[in-house]
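Accompanying notes for the structure given below.
Side chains included, hydrogens not; waters and symmetry mates left out as well; all remaining heavy atoms used. Throughout, protein chains are lettered first and strands after them, A, B, ... in sequence-line order, and every chain is numbered starting at 1.
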Number of protein chains: 2
Amino acid sequence: MRPARRLTLTDDVYESVRALIMDHAVAPGERVNIDALARQLQVSPTPVREALARLESDGLVRKRPLAGYTAAPLLTRAEFEELVEMRLVLETAAARRCATRTAAREGADGVDVAALRREADLPGPTADSGYAGIAAFTARDARFHNLLAEFSGNRMLHEAVVRLRPHLHLFRLHFPTTHHDTSAREHHRVVDAVAAGDPDGADAAMRAHLLAARERHLPYFTEEG
Amino acid sequence: MRPARRLTLTDDVYESVRALIMDHAVAPGERVNIDALARQLQVSPTPVREALARLESDGLVRKRPLAGYTAAPLLTRAEFEELVEMRLVLETAAARRCATRTAAREGADGVDVAALRREADLPGPTADSGYAGIAAFTARDARFHNLLAEFSGNRMLHEAVVRLRPHLHLFRLHFPTTHHDTSAREHHRVVDAVAAGDPDGADAAMRAHLLAARERHLPYFTEEG
DNA sequence: CGCCGCGAAATCCTATAGGATTCGTTCCGG
DNA sequence: CCGGAACGAATCCTATAGGATTTCGCGGCG
C-alpha cells in the first residue's frame, strides 16, 4: 500500500490513489475521504489533497467545493460512444503515422515493429477468466495501444491517447470482456500494415479493431446510462 | 489580482496563476516561487501548491521534485509541428462532425451556426497592433475554435481541443502574428461548409485554415528550438 | 583563469491545528 | 406516515511551523 517513497510524498500518494481507483478499490462515484486516505497511507492530509488535485485534472476524480472528492463515475452510453469516436480520431492517426515513419525508414527513435509485435499478443484463453485475468488482458492491451501511440513520434498525440485509457480501463473492469484471440488478431493486422509501411492499411486496420471492440462492449449497456 | 473568491481559495488561486501565465506575467521557463506567489495573492502557500498541482496536469507548469515549479517552456519547432498535427487531427474531426450534425438538423443542443458566424469575424486591422491587439485577436480566435469544438457534440473532443489552446496562445503572445482578414475569411469558409451540412467541405476548409496558420507562424523559427 | 567544495540563505515539503461548511440523524409538525 | 427544520458529528479548507533539500555566493585549489 505504501511503496518506497520516490522523492516527495505527493508523488507517491498520487500513484497510490491512482492505483486504488484503477483497481476499483474505490468504486466509481464513491466518495473519497481525504482524512481516511491519509490515515490509510500513513501520511498527512496535505499531500493527499495535492495528489487529488492532480487526479482531478486527469479526470479520475471529481471535486465538489467544500464537499470533497468522488471517484469518477462510470461512462454513460453516450460518453462511451464519445470515447470510441475519440479513439477513432486519435488512434487511426497514430497508426497512420507509424506506418508512414516505418516507410521512411527512420532510425534511432523510429518505429520498433518487433516491440509492437510482442505486445500485440494478448494473454490466451488459458489465462484466468476472473479479475486477475481481466486485469492482465486490459493491461496488455493498454501496453499495445500505448506503444503504438508512442511510436507515432508525436508526444501530444501520445498523451492524448494515454488520457483516454483510464476511462476505458474502468469500464472494462466493471463489465469484463475479454476476446483474447479476436483482439490479438486485429492487433496483428495493424502491425502488419505498419510493418509494410502502409498508412491507409494501418488506418483501416485500426478503425476495424476499434469498431469491433465497440461492438464487443455494447451489449453491456441496457436501458440506462 | 485577487477576484471575489468563488468558494475555495484553491480555485481562485488556480484561475489567478493561470491568468498570470497566459498573460506572460511570468515568462515561459521562469521559476515559480510558491511563497512569493502566496504573498502576492495574499494567501497561504497551501492553496497555491494545490493550484500548481492542477496546472501541472494542464501542462502549464512543470514540477521538479524538491525544487519547485517552473512555467512551461515555449514550444520548440518540433513541438510546434506536433501541435499543428494534433490540431489537424482534432479540429478537422470537430468541423466534420459539426457539418454532419447540421445536416441531421439536430434541434436543441445542435449546432448554432449563427453563433459560429458571429465568432468567425476577428478584430479588424483598425485594432491595436500592440499587446492588447494581439490579445484581443487570439482571444477571439480561441472562442471560434472553442465553439466549433463544443458544437461537435463530443465533450472529450472539446476538452482535447481546449487542452491544446494554452500552448498556442503562449506562442502567439511571444511571436505576435495577426492576419485578421485572412484568418477571418478562412473561418467563414469553415462556417459555410458547416452551414451547408458538408462534412468533407468542412474538413477541407478547416485543414486549409490550420495549414495556412502554420505557414504564418513558421517564419518565427530560425535556427534554434 | 577555471573548477570544486563549503556554508548560509532561500525554498520546498509535510505535519498539525482550528475555523467553516456540509452531511446524517433526530425530532417535530402536518 | 411523510416532509422539513435543527442539532451534532464528520469532513473539508486554510494557515502556520519546522525539518529537509536545493540554490547561490565565496573562498581555495589545480
Side chain of [X] only, heavy atoms from C-beta on: which candidate in [options] is closest?
X       : options                : answer
B:Leu9  : C:dC23, D:dA15, D:dT16 : D:dA15
A:Ser44 : C:dT16, D:dC12, D:dA15 : C:dT16
A:Asp35 : D:dT11, C:dT11, C:dA15 : D:dT11

Once ring pair (Phe, Tyr, Trp, His ring centres under 6.0 Å) is applied, do any residues pair with [X], and if so which ones, sequence neighbours excluded?
X        : answer
A:His209 : A:His145, A:His187
B:Phe171 : B:Phe80, B:Phe175, B:His217, B:Phe221
B:His167 : none

side-chain N/O B:Thr46 vs D:dC13 OP1/OP2, d < 4.0 Å
no
Whole-Å gap separating [atom2] ([N]) and [atom1] ([X]):
X       : N      : atom1 : atom2 : answer
A:Arg31 : C:dG24 : CZ    : C1'   : 11 Å
B:Arg39 : C:dC12 : CZ    : C1'   : 13 Å
B:Asn33 : D:dT23 : CG    : P     : 13 Å
A:Ile34 : D:dC12 : CD1   : P     : 5 Å
A:Gln42 : C:dA15 : CD    : C1'   : 14 Å
A:Asp12 : C:dC13 : CG    : C1'   : 13 Å

With sequence neighbours excluded, tell me which residues meet side-chain contact (heavy atoms from CB on, under 4.5 Å) with A:Arg143.
A:Glu119, A:Arg140
Tell me the closest heavy-atom pair linking A:Pro166 and A:Met22, and the distance in Å.
CA-CE, 3.8 Å
How is B:Val32 classified with respect to the nucleic acid when contacts are heavy atoms under 4.0 Å: base, sugar-phosphate, or nothing?
sugar-phosphate
In numerical order, the residues of residues 47-68 of chain A whose heavy atoms come under 4.0 Å of DNA chain C are A:Pro47, A:Arg64, A:Leu66, A:Ala67
Keeping to residues at least two apart or across chains, list the side chain to side chain donor-acceptor pair (under 3.5 Å) pairs with something in residues 49-58 of chain A.
A:Asp11-A:Arg54, A:Tyr14-A:Asp58, A:Arg49-B:Glu50, A:Glu50-B:Arg49, A:Ser57-B:Asp58, A:Asp58-B:Ser57
